[in-house]
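Data block below; observations after.
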Amino acid sequence: MRRTPLPGPRRAGVPELPEVEATRRGLLPYLVGRRIEHVSVLHPRVVRRQLRPTDFHDRLVGRTVLRLDRHGKFLLVRLDADLHWVTHLGMSGRLRIVGSNADLELHTRVSVGLGDANDLRFVDTRTFGFMTVWTDAELAESSLRRLGRDAFTDLPPSRELEAGLTNRTAPIKALLLDQRIVAGVGNIYADETLHRAAIAPLRAGGSLDGGEVKRLRAGIRASLAAGIAAGGTSLDDLAYLLPDGRAGSFLEQLRVYGREGESCRRCGGGIRRTVIRGRSSFWCSGCQT
DNA sequence: AACGATCCCTGTTGGC
DNA sequence: TGCCAACAGGGATCGT
């Protein structure tokens, strides 16, 4: 008897590009123009990639937020003094805006006082996420320089995507997750993209023809846009939530992810689950070829 | 260079 | 009922 591999209903909702973008949009009115009054690091592991442990606190206090950007799954808060407050939500991170006298939610890792009676709270159960404050030079030298173009705001034309896939033998699913090719697609949206494009996840990247790459590109754009419009995917209330605490509603629109054993809404075929590079991949063997 | 494996971490859950 | 291994996964790192 096979162990049931179907993830239960209480899985973590892992933030990908749409979740980070929905977070960015939700934070805009609370952050832009604000001065950072105080900074409290409650779990040191979450502040990483700083030259000195005290840099995060010391660089952040007194700064003013100029604007909020995003590259792939990284949130970039631009500050005065040419500093960059960088956040990655990891697997279980979320950013919340709460009243500054609100109790600390369980697993709160960083609390930032915004000087308007609100706090920004970084809550991250598994601490795969991180925060850091970098100078221009540090940002330029950081791992972010290896990121490909943003999968939503800067999606490369098909011709360029096709060139990047030629001679690649890895499964297209694995290549979609490679942030050096295109930045922002994670496990859920990779599966949703491949279903929209009607391409099987185990196909070698280099085996896609021009028409398939065009469908792939359209699938990336459409799945990410739909995810953003829905405020992201909240699989439960323990992981990803919007900054105001509401859940994203994309879960109900998922075409394949988490639907093993259910039927494909396009062709009626059975949705399968296959492990690719150690990640669950859900796909329809009827219409994804 | 490309690819795959391993590790980090914690809450939940299936199996016994 | 209680214990415990398995599982989820983004990204850094390492071996081949």
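For clarity, every value in this text was computed on a predicted model and none was experimentally measured. So you know, we letter chains A, B, ... as the sequences are listed, proteins then strands, and number each from 1.
With a 4.5 Å cut-off on side-chain heavy atoms, A/L42 and A/S111 count as touching.
Atom-to-atom, CG of A/L106 to P of B/dC9 comes out at 18 Å; the value is rounded to the nearest Å. In this structure, A/N187 atom CG and C/dC7 atom P are separated by 15 Å, rounded to whole Å. Across the protein-nucleic acid pair, A/D191 atom CG and C/dG10 atom C1' stand 15 Å apart, rounded to whole Å. For the pair A/I188 CD1 and C/dA8 C1', the computed distance is 11 Å after rounding to whole Å. For A/L89 and B/dT10, the CG to P distance is 18 Å, given to the nearest whole Å. Atom-to-atom, CG of A/D124 to C1' of B/dT10 comes out at 10 Å; the value is rounded to the nearest Å. Rounded to whole Å, the distance from CZ on A/R273 to C1' on C/dA6 is 11 Å. The distance from atom CZ of A/R180 to atom P of B/dC3 is 9 Å, rounded to the nearest whole Å.
For the OP1/OP2 pair of C/dG10 and a distance below 4.0 Å, the side-chain nitrogens and oxygens of A/R279 include at least one atom meeting the criterion. A close approach under 4.0 Å does occur between a side-chain nitrogen or oxygen of A/H107 and OP1 or OP2 of B/dG11. When the side-chain nitrogen and oxygen atoms of A/R126 are compared with OP1 and OP2 of C/dC7, none of them lie within a distance under 4.0 Å. Within the 4.0 Å cut-off from OP1 or OP2 of C/dG11, at least one side-chain nitrogen or oxygen of A/H88 is found. Between A/Q179 and C/dG11 there is a side-chain polar atom (N or O) within less than 4.0 angstrom of OP1 or OP2.
In summary, the side chains of A/R272 and A/S285 do present a donor paired with an acceptor at a separation below 3.5 Å, with no hydrogens or angles considered.
Once rounded to the nearest 0.5 Å, the distance linking CZ of A/R49 with CH2 of A/W134 reads 5.5 Å. For the atom pair CG of A/L60 and NE2 of A/H38, the computed distance is 11.5 Å after rounding to the nearest 0.5 Å.
Among residues at least two apart or in separate chains, side chain to side chain donor-acceptor pair (under 3.5 Å) pairs with a member in residues 166-184 of chain A are A/K173-A/N187, A/K173-A/D191, A/K173-A/S281, A/D178-A/R180. Identified under the side chain to side chain donor-acceptor pair (under 3.5 Å) test for residues 210-221 of chain A, with sequence neighbours left out: A/R203-A/E212. Listed by first and then second residue, the side chain to side chain donor-acceptor pair (under 3.5 Å) pairs involving residues 25-34 of chain A are A/E21-A/R25, A/R34-A/D116 (not counting sequence neighbours).
Listed by residue number, the members of residues 158-170 of chain A with any heavy atom below 4.0 angstrom from DNA chain B are A/R168, A/T169, A/A170.
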Nucleotide N/O to protein N/O under 3.5 Å, stretch nucleotides 12-16 of chain C:
residue : atom : partner : partner atom : Å
C/dA12  : OP1  : A/R49   : NH1          : 3.1
C/dA12  : OP1  : A/R49   : NH2          : 3.3
C/dA12  : OP1  : A/S143  : OG           : 2.9

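Under the 30°/60° scheme for interplanar angles, the aromatic rings of A/F130 and A/F74 are found to stand perpendicular.
Look at A/D69 and A/R67 and you find a salt bridge, because one of the NZ, NE, NH1 or NH2 atoms lies within 4.0 Å of a carboxylate O, short of that distance.
For A/D119, the salt bridge (Lys or Arg N to Asp or Glu O under 4.0 Å) test picks out A/R121, with sequence neighbours left out.
Distance from the side chain of A/R45 is smallest for B/dC8 among the nucleotides B/dG11, C/dA8, B/dC8. With distances taken from any side-chain atom of A/L175 to the nucleotides C/dG10, B/dG11, B/dC3, the minimum falls on B/dC3.
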